[in-house]
Amino acid sequence: MNTLKIAWLFPDTFYLHGERGNILALERFAGLAGLETETDKIDFDTEGFSPLDYDVIFCPPGEIVSFPSVLEWMKPYRTEFETFIGEGRPLLVTGTSIALWCSRVKRFDGSEFEGLGILKAYAVEKEAVYGDDLYYRCTYHDQTFEIIGNQIQMADFINEGEQPWGHLLYGYGNTGKDREEGFLKNNAIFTNTLAPLLAVHPALAAEMIKAAAEVKGAEISEIKWDNTLAEQSFATKKEFIETKVTRLTNCKEN
């Protein structure tokens, strides 16, 4: 009961942008909560996999060209993934891998393939890759956060009825045409934010552990940590973004 099980999906296939930091953050904050952790790397050779054996699932970003083979492996577990999300267990999906969970994926060469269909959304691969900072406000597990990260947008994600994860204050988000960033289904986060999101926003990592423990029915200790460095880093990045916005505004006016 006091062991938190984490599934790390396809770490050797989805290896972009240093996402291992999210796993390290989950393990650290589970430890602060008084929980042991068991992290399993799930890949094509994994036998006896069931999403419902886990308390948290992490799906990092990968190259879109690899998605059809991954989807072939994942689709038999679609119902269990839906149950996992429906029960409120935390799932974190980052970057391009949002496309896996959409209804379909349109590639820039005109071809298409079906996704898991868990999100009421579809993905459109971009021929030109867009990269910039990302700054948004969001709510998770009844707590409000401001998140600053990075985005390399290899696909647009067209919302067909899902709750957005965040409201953009700066950046591209799902399409660059509205203020929506990612999607949220119960405690499942689908975000364009890359690199170690949970490591640089530890309060969000703490809430994911609390959500997982709540569903699991596990008693946890009060989670305490020194947030000084994270707060200072956030303030510096926010100042940098505000400076960029001011410069862009002045350029447009001139």
Side-chain angles (χ1 to χ4, degrees), residues 6-24 26 39-51 53-54 56-82 84-85 90-131 134 149-160 162 165 172-175 181-183 185 188-198:
I6 302 170
W8 184 0
L9 300 185
F10 295 93
D12 295 327
T13 305
F14 299 160
Y15 53 82
L16 301 178
H17 315 304
E19 298 281 335
R20 180 172 176 266
N22 288 314
I23 291 290
L24 296 176
L26 288 168
T39 301
D40 293 337
K41 296 181 178 181
I42 308 301
D43 57 28
F44 295 105
D45 297 325
T46 301
E47 297 181 358
F49 172 69
S50 170
D53 287 340
Y54 294 90
V56 182
I57 295 177
F58 174 49
C59 181
E63 299 286 356
I64 293 175
V65 69
S66 69
F67 287 0
S69 57
V70 172
L71 281 164
E72 184 179 354
W73 190 93
M74 291 179 71
K75 281 180 178 179
Y77 307 106
R78 182 188 183 281
T79 299
E80 290 184 63
F81 279 123
E82 278 197 310
F84 182 99
I85 294 170
L91 165 70
L92 177 61
V93 180
T94 57
T96 50
S97 288
I98 296 173
L100 293 166
W101 307 79
C102 291
S103 60
R104 65 191 187 280
V105 180
K106 294 184 176 182
R107 302 213 61 188
F108 67 79
D109 64 5
S111 62
E112 287 190 28
F113 58 86
E114 290 186 356
L116 288 174
I118 287 175
L119 288 176
K120 291 181 236 179
Y122 66 92
V124 180
E125 184 180 15
K126 297 172 67 67
E127 187 169 3
V129 176
Y130 176 90
L134 190 61
N150 303 108
Q151 175 177 8
I152 300 175
Q153 194 69 0
M154 298 180 185
D156 285 342
F157 300 109
I158 314 303
N159 192 350
E160 295 187 305
E162 292 294 347
W165 155 233
Y172 189 88
N174 288 344
T175 66
E181 152 50 30
F183 308 101
K185 289 181 77 73
I189 298 169
F190 304 81
T191 178
N192 296 289
T193 316
L194 300 176
L197 167 65
L198 300 182

Do you know the tightest heavy-atom contact between [X] and [Y]?
X    : Y    : result
F157 : C102 : CD2-SG, 4.2 Å
P60  : T94  : CA-OG1, 3.5 Å
A99  : V105 : O-CG2, 3.6 Å
A7   : I42  : CB-CG1, 4.0 Å
G173 : L134 : N-CD1, 3.8 Å
I118 : E162 : O-OE2, 3.8 Å

Measure the [atom1]-[atom2] distance between [X] and [Y] for me, rounded to the nearest 0.5 Å.
X    : Y    : atom1 : atom2 : result
L119 : L100 : CG    : CG    : 10.0 Å
R104 : I158 : CZ    : CD1   : 9.5 Å
N174 : I98  : CG    : CD1   : 6.5 Å

Q) Is the number of heavy atoms from other residues, nucleotides or ligands under 6.0 Å of K126 NZ greater than 12? A)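 Yes, enclosed.
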Q) Heavy-atom count around E80 CD within 6.0 Å, excluding the residue itself: above 12? A)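 Result for CD/E80: enclosed.
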Q) side chain to side chain contact (heavy atoms under 4.5 Å, CB included) between L194 and Q151: does it pass, once the steps are laid out? A) CA-CA 6 Å; L194 300 176; Q151 175 177 8; 5.5 Å; no
May I ask you to test the [X]-[Y] pair for a side-chain heavy-atom distance under 4.5 Å?
X    : Y    : value
T191 : L92  : yes
F58  : T39  : no
F183 : K120 : no
N192 : Q153 : yes
E181 : T193 : yes
W73  : D43  : no
L91  : Y54  : no
K185 : W101 : no

Q: Go through the steps for F44 and F10 under the test ring-ring contact (aromatic ring centres under 6.0 Å, His included), then give the verdict.
A: CA-CA 8 Å; F44 295 105; F10 295 93; 4.9 Å; yes
Spell out, as yes or no, whether a donor-acceptor pair under 3.5 Å connects the side chain of [X] to the backbone of [Y].
X    : Y    : answer
N22  : L198 : yes
R78  : L116 : yes
S103 : A121 : yes

**Q.** Identified side chain to side chain donor-acceptor pair (under 3.5 Å) counterpart of R107 within the set E125, E112, E127
**A.**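 In the set E125, E112, E127, the residue that makes a side chain to side chain donor-acceptor pair (under 3.5 Å) with R107 is E125.
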Q | From F14, F190, W8, residue fulfilling side chain to side chain contact (heavy atoms under 4.5 Å, CB included) relative to C59 | A |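 So, applying the side chain to side chain contact (heavy atoms under 4.5 Å, CB included) to C59 and each of F14, F190, W8, only F14 qualifies.
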Q) F81 vs F49 aromatic rings, parallel, tilted or perpendicular, using cut-offs 30° and 60°? A)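 Tilted, since the angle between the ring planes falls between 30° and 60°.
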